[in-house]
Amino acid sequence: MKKLRFTFLVIFLSMTVFNSFATINEGLKFGKIPDELVTMKVYEADPDAEAVVLSDIGDTKIAFSAGAGFQITYRLHKVIKILTKGGVSYGDFQIPYYSIPGRTDLVGGIKGFVYNESNGSIVKEKIGKDHVFEEEVSKTYRIKKISAPNIKEGSVVEISYEITSDLFSYLREWEFQNEIPTRWSEYSLEYPEYFSFSQSAQGFEQYAINEQSEGTGSANWSETERSGGRVAQSTTTNNSVNFSTKKYHWAIQNAPALRPEPYIDNPQSYSTKIEFQLQYLQFPNSQRQTFSGSWNTMSEELLKDPEFGKYLERNKFVQEIVPQLISAEQSEQEKLIAISDHLTKMVKWNGSYSIYPTQSLEKVYNGGKGNLADMNFLLIAFLREAGFDCHPVVGSTRGSGFVNPGNPVMYKLNYLSALVKTADKEFLMDISDPSLPFGFLPINGMNFRGWAVIPNNASRWVDIFNTIPTTETAMITAKMEDDHMLSSIQKTTKGYQSSLIKNKIKSTGEDKYKQEITDEFTGGELISIQFENLDAKEKGIVEKYEIKTNEGVVLSGDNIYLNLFENSYLYENPFKLDNRVFPIDFIYPQKRQVILNFDIPEGYAVEEMPQSIMTQFNEKAIVYSFRTAPPSNGRITIMLSYQVNETLFKAEEYQNLKEFFDLIANKQKEAIVLKKI
């Protein structure tokens, strides 16, 4: 399976002066929102948008403060227009920040307004302190949540705040794009010559402003020296130093919304943004302080953090339970399955993502419910007790964007799995979805890479993907009866699709699920439905259908035209757009096979049959075959096979991929012609 390479996504910016477009400024001023934006009903650049970011302005500056030294000040101002009822949630804001003992990350100056049109006039309502709430994610990480008042369809919401910080190693990134369109996004950064930051830019949007220049700054401080003797004296010296600064200024206008497209469910991962990483500090007359291995530093902090590291300690209750679950005669895989099956029966996931447990593991086990970290720390504890080398892996979900190896940002880490080593291999486990068979990670956790937190400087990156293909095999027997077709279908699905169907049946109930399928089937009559292996996690689901339909059957004089795959998988090309910006991500390998036997009606013979083909894309990255056999004993047999071996393709490959799927779709539209004899 091809592993992801990000060289086509990430461009490292050099420290040179950028050419820029003519200077423009379309950002909105605080408290001065034009009436026409409040009364606006539709965003013309994107009429389907539920909301739009009208203005998003950030200014970051590292400056000297007497008594505190150098500090980072982030100033942010954001304005959002709510266009539909479905867009109301975009009026809520979250401000993540660190709370590390002895270090500073202070949020203040929160202010804002909600603007609404009422009886022909604009009503401006203040966002006050009672609209700001605090959430403690862990002892070192918190979120300020702002729930603005009276937000509704048509509202404009603006918020402004500041963050003061000395966490130079975690300089915040700036994202120019959102899942809703952005009219104007602008960011400025200035820092003294004593600091060196690398920059990495990602995305596909063109900059309206892209400038670099130099500025100046100064530091002023006082030093007091006390002298001894019979009468104590002190001497105060005022000091001052001037230094140069590096200044950057970026802006993007009319950035489109990051909406999912076919085979890309996480467009946020490809947003246009800039990230920063501290390389070194070098003050006058001082040695250079080099900052490297920042992810290792984060590992050390996590392991020392009582909200994380203590959950890796041995638990007495685990020592008592594990011997009852496994035996020496079992293989390693059998032990892993036994432990994970036991835990998924005892504890259910509450749907919340986090890298921090919410309570002691014993309480989680006895209470029967927990967040993602609760469940997988419990798994780690049980596996370690069983003798496995096992460590937590932190990362982000697909919807939260990729984890950047060059820039450790704690607030993006919301996913935790377990790295397990056996005698001959290592792999990741996550027990939050009890319907998945052994070896399958939940799809939302497969975000290409994660950071394994291992003591003694052994932490490292691990790839997060699934190598076991999801399979679907269908056996179809069909025959003509009068002017319609009777089909008997048996389909066996393994892997992710099997889990999806089982979860759906479990949540809705088998009878209700069958009724939903029956109601949605409009091509004829669904005579019967049966399911097998609903409770067998390691076995694929078996679906059996009896169908009576006239779809794909055309009677014309002495001829019958049959399209046996009408409305089936890949009958239509999933790629409709003329061009593609995002990569194409199939997420996991998959294989589909169909064996169709059609009984030729009495009195007819085959006039035309589709020709067999076997084709591939990109050196067998995707393989498709359509094979027909000569009629035998009054029966036609057609075998289809479709296999995705590599899962990620660049946007530059889109046109060729689209043509490949056009070929497949056209092939499956070819008809069999029967002629009366």
Side-chain angles (χ1 to χ4, degrees), residues 9-11 13 18-34 37 40 43-46 49-61 72-83 87 89-96 112 146 156-163 171-190 197 199-213 247-259 267-276 400-402 404 407 409 411-412 581-582:
L9 291 176
V10 181
I11 305 170
L13 305 180
F18 295 109
N19 293 324
S20 70
F21 298 96
T23 301
I24 57 177
N25 183 5
E26 295 189 10
L28 299 173
K29 303 298 183 183
F30 182 79
K32 298 181 179 180
I33 306 302
L37 294 179
M40 181 176 70
Y43 181 53
E44 291 185 1
D46 187 348
E50 294 183 324
V52 57
V53 178
L54 297 174
S55 179
D56 192 11
I57 300 176
D59 180 82
T60 299
K61 186 173 184 178
I72 310 170
T73 300
Y74 303 91
R75 295 183 176 90
L76 301 103
H77 175 221
K78 194 167 189 175
V79 183
I80 291 179
K81 168 71 179 184
I82 310 301
L83 294 165
S89 61
Y90 293 105
D92 293 330
F93 297 87
Q94 293 190 6
I95 308 172
I146 303 169
V156 169
V157 188
E158 75 168 333
I159 195 73
S160 174
Y161 60 93
E162 292 185 4
I163 302 175
L171 191 66
R172 294 171 181 243
E173 67 184 11
W174 184 261
E175 294 189 351
F176 295 93
Q177 273 183 290
N178 299 269
E179 59 185 23
I180 56 176
T182 299
R183 174 179 171 271
W184 181 259
S185 181
E186 182 177 357
Y187 185 63
S188 300
L189 170 65
E190 182 178 8
F197 290 94
Q199 303 171 17
S200 61
Q202 171 189 299
F204 306 97
E205 296 303 307
Q206 296 294 318
Y207 289 94
I209 299 175
N210 194 345
E211 301 173 332
Q212 178 181 337
S213 60
K247 302 174 70 175
Y248 299 89
H249 186 197
W250 299 277
I252 285 179
Q253 57 184 339
N254 298 326
L258 293 165
R259 292 194 180 98
Q268 192 69 33
S269 297
Y270 303 95
S271 66
T272 300
K273 65 180 179 180
I274 296 179
E275 296 181 326
F276 309 93
S400 300
F402 298 128
N404 187 341
N407 192 18
V409 282
Y411 65 85
K412 274 198 169 183
V581 173
F582 299 132

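All residue numbers in this chain count up from 1 along the given sequence.
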Residues forming a salt bridge (Lys or Arg N to Asp or Glu O under 4.0 Å) with Arg172, sequence neighbours excluded: Asp105
Return the set of residues passing salt bridge (Lys or Arg N to Asp or Glu O under 4.0 Å) with Glu162 (not counting sequence neighbours), or none when no residue passes. Arg75
Partners passing side-chain hydrogen bond (donor to acceptor under 3.5 Å, both in side chains) against [X] (at least two apart in sequence or in another chain):
| X | result |
| --- | --- |
| Glu50 | none |
| Glu205 | none |
| Gln177 | Thr272 |
| Lys412 | Glu173 |

Atom [atom1] in [X], atom [atom2] in [Y]: separation rounded to 0.5 Å?
| X | Y | atom1 | atom2 | value |
| --- | --- | --- | --- | --- |
| Ser271 | Gln202 | OG | CD | 5.5 Å |
| Thr60 | Leu171 | OG1 | CG | 6.5 Å |
| Gln268 | Asn178 | CD | CG | 6.5 Å |

Tell me, please, which residues at least two apart from Tyr90 pass ring pair (Phe, Tyr, Trp, His ring centres under 6.0 Å). none
Go through Glu186 and His249 one step at a time and tell me if the side-chain contact (heavy atoms from CB on, under 4.5 Å) criterion holds. CA-CA 8 Å; Glu186 182 177 357; His249 186 197; 2.7 Å; yes
Looking at every non-hydrogen atom in both residues, tell me the closest pair between [X] and [Y] and how far apart they are.
| X | Y | answer |
| --- | --- | --- |
| Val52 | Arg183 | CG2-N, 4.3 Å |
| Ser55 | Leu28 | OG-N, 3.0 Å |
| Ile80 | Ala51 | CG2-CB, 4.3 Å |

Would you please name every residue forming a side-chain contact (heavy atoms from CB on, under 4.5 Å) with [X], sequence neighbours left out?
| X | value |
| --- | --- |
| Glu44 | none |
| Glu190 | Lys61, Thr245, Lys247 |
| Leu76 | Tyr74, Tyr161, Trp174 |
| Ala49 | Asp46, Leu83, Pro181, Arg259 |

Main-chain N/O of Leu37 paired with Lys81 side-chain donor or acceptor, under 3.5 Å: yes
Indicate yes or no for a side-chain donor-acceptor contact from Glu158 to the backbone of Gly31 under 3.5 Å, with no hydrogens or angles considered. yes
Can the ring centroids of Tyr187 and Phe176 be said to lie less than 6.0 angstrom from one another? no
Does the side-chain contact (heavy atoms from CB on, under 4.5 Å) test come out yes or no for Thr182 and Ile252, once each step is laid out? CA-CA 9 Å; Thr182 299; Ile252 285 179; over 6 Å; no
Any Val581 side-chain heavy atom under 4.5 Å of Tyr270 side chain: no
Once the angle between the rings of Phe276 and Trp250 is folded into 0 to 90°, is it parallel (under 30°), tilted (30 to 60°) or perpendicular (over 60°)? tilted
From CA spacing to verdict: side-chain contact (heavy atoms from CB on, under 4.5 Å), Ile274, Leu189: CA-CA 11 Å; Ile274 296 179; Leu189 170 65; over 6 Å; no
